[in-house]
Amino acid sequence: MINNRRRVLFQKYTAYIFLFIILYVLQSTPGLFSVLGIRPVLLIPAAVTLAMYEGGFIGGLFGALAGMLCDLGAFSFYGLYSMLLLCCAAASGLLVVYLMRRTLRVAMLLTSGTAALCCLLRFYFDYGLWGYGGISGIFWEQTVPTAIYTAAAAPLFFYLFRRLNRYFSEKISA
């Protein structure tokens with residue numbers, strides 16, 4: 001029984017790692033989910049919704065993994081996404097465990113907040129900190145739509161991780 005549980009947990013977390021790598025490849029493919037030049041950061045809703053199902057510790061670890069993958073493709077400070085997604089995913093997992101219910105509305109709320117925070121801080125460190133002139137156009141035409149487009153992907157990951165969680169729970173109890 002214990003060996004079966006360990007084997008299933010190993011398969012579960014390996015599947016999550018491969019899913020995050022595939023999501024990184026998909027989000028960094030030029031022109032693949034681009035709408036009017038705006039692309040979503042798919043790893044943000046994936047990390048937040050995974051944390052909602054797995055809790056604070058595992059959610060924080062996968063948030064850090066998602067952040068490291070996002071940092072590979074970002075042209076800003078390395079480690080910004082890693083720290084942000086580690087904290088936001090762990091906080092999301094703990095909020096759902098102790099304070100909130102696991103619903104689509106909560107997933108949308110937590111993903112929207114995380115996407116807004118990540119996009120705003122990236123905008124600040126890429127443009128605002130350096131005092132460039134006329135950056136309000138970049139903010140309204142790139143940063144805000146990216147945060148909205150990223151948050152709009154949350155239902156897909158919410159239902160995906162719900163299905164995966166049920167599948168692996170049934171395998172563990174069998």
Side-chain angles (χ1 to χ4, degrees), residues 1-29 32-35 38-73 81-120 144-174:
M1 180 71 174
I2 292 176
N3 289 334
N4 181 39
R5 185 174 192 278
R6 285 184 184 170
R7 185 172 42 100
V8 172
L9 287 176
F10 177 76
Q11 291 171 355
K12 176 181 180 179
Y13 297 137
T14 304
Y16 288 163
I17 289 170
F18 283 132
L19 178 67
F20 274 40
I21 292 171
I22 289 169
L23 287 174
Y24 168 70
V25 170
L26 289 175
Q27 87 176 16
S28 61
T29 301
L32 190 58
F33 295 112
S34 180
V35 175
I38 305 299
R39 293 186 328 187
V41 184
L42 296 175
L43 288 167
I44 292 174
V48 171
T49 54
L50 175 79
M52 289 177 64
Y53 282 100
E54 295 296 326
F57 182 72
I58 298 296
L61 290 178
F62 278 98
L65 172 66
M68 284 186 246
L69 291 172
C70 285
D71 281 333
L72 287 176
Y81 279 116
S82 300
M83 290 184 299
L84 281 174
L85 287 180
L86 167 70
C87 295
C88 289
S92 298
L94 291 172
L95 279 171
V96 169
V97 167
Y98 293 113
L99 199 58
M100 299 176 166
R101 284 193 262 165
R102 191 182 305 136
T103 62
L104 180 59
R105 184 178 298 173
V106 171
M108 291 293 293
L109 176 71
L110 293 174
T111 303
S112 299
T114 303
L117 182 65
C118 288
C119 289
L120 285 174
V144 172
T146 299
I148 292 169
Y149 193 15
T150 298
L156 170 72
F157 295 108
F158 179 77
Y159 291 120
L160 174 70
F161 286 120
R162 181 171 73 177
R163 188 169 177 92
L164 285 173
N165 193 20
R166 284 183 187 164
Y167 173 75
F168 285 115
S169 295
E170 289 172 0
K171 282 183 79 170
I172 287 175
S173 63

Notebook entry, point to check: Heavy atoms, side chains only, cut-off 4.5 Å: are Q27 and L32 in contact?
Noted result: no

Check: Could you give the distance from NZ (K12) to CD1 (I58), rounded to the nearest 0.5 Å?
Finding: 8.5 Å

Checklist line | Atom of G60, atom of L86 and distance for their closest heavy-atom approach | finding: O-CD1, 3.1 Å

Notebook entry, point to check: What's the shortest heavy-atom distance between P45 and T111, and which atoms?
Noted result: CB-CG2, 3.6 Å

Note to self: Between K171 and Q11, is there a side-chain heavy-atom distance shorter than 4.5 Å?
What the structure shows: yes

Check: Under a 4.5 Å cut-off applied to non-hydrogen side-chain atoms, are T146 and Y149 in contact?
Finding: no

Item checked: Verdict with reasoning, C118 to V41, per side chain to side chain contact (heavy atoms under 4.5 Å, CB included) -> CA-CA 10 Å; C118 288; V41 184; over 6 Å; no

Notebook entry, point to check: Roughly how far apart are C70 SG and F20 CZ, rounded to 0.5 Å?
Noted result: 9.5 Å

Notebook entry, point to check: Looking at CG of L42 and CG of L69, how far apart are the two atoms once the value is rounded to the nearest 0.5 Å?
Noted result: 12.0 Å

Note to self: Could you check whether any side-chain heavy atom of V106 comes within less than 4.5 Å of a side-chain heavy atom of L95, counting everything from C-beta outward?
What the structure shows: no

Notebook entry, point to check: Which pair of heavy atoms, one from F161 and one from A46, lies closest together, and at what distance?
Noted result: CE1-O, 3.4 Å

Next item on the list: Sort out for me which residue in L43, L23, I44 forms a side-chain contact (heavy atoms from CB on, under 4.5 Å) with F157.
Entry: L23

Checklist line | Heavy-atom closest contact (Y13 atom, E54 atom, distance) | finding: OH-OE1, 3.7 Å

Margin query: In terms of relative ring orientation, are Y53 and F158 parallel, tilted or perpendicular, with 30° and 60° separating the classes?
Written below: tilted

Check: Can you find a pair of side-chain heavy atoms, one from L19 and one from L160, that are under 4.5 Å apart?
Finding: yes

Next item on the list: Return yes if a side-chain donor-acceptor contact under 3.5 Å exists between R7 and N4, otherwise no.
Entry: yes

Margin query: Quick check on F33: does its CZ atom have over 12 non-hydrogen neighbours (other residues, nucleotides or ligands) under 6.0 Å away?
Written below: yes

Note to self: Looking at every non-hydrogen atom in both residues, tell me the closest pair between A107 and A154 and how far apart they are.
What the structure shows: O-CB, 4.4 Å

Notebook entry, point to check: Between F62 and Y16, what is the ring plane arrangement, given parallel below 30°, perpendicular above 60°, and tilted in between?
Noted result: perpendicular

Next item on the list: Taking all heavy atoms of R39 and all of T29, pick out the closest pair and write down the distance.
Entry: NH1-O, 3.4 Å

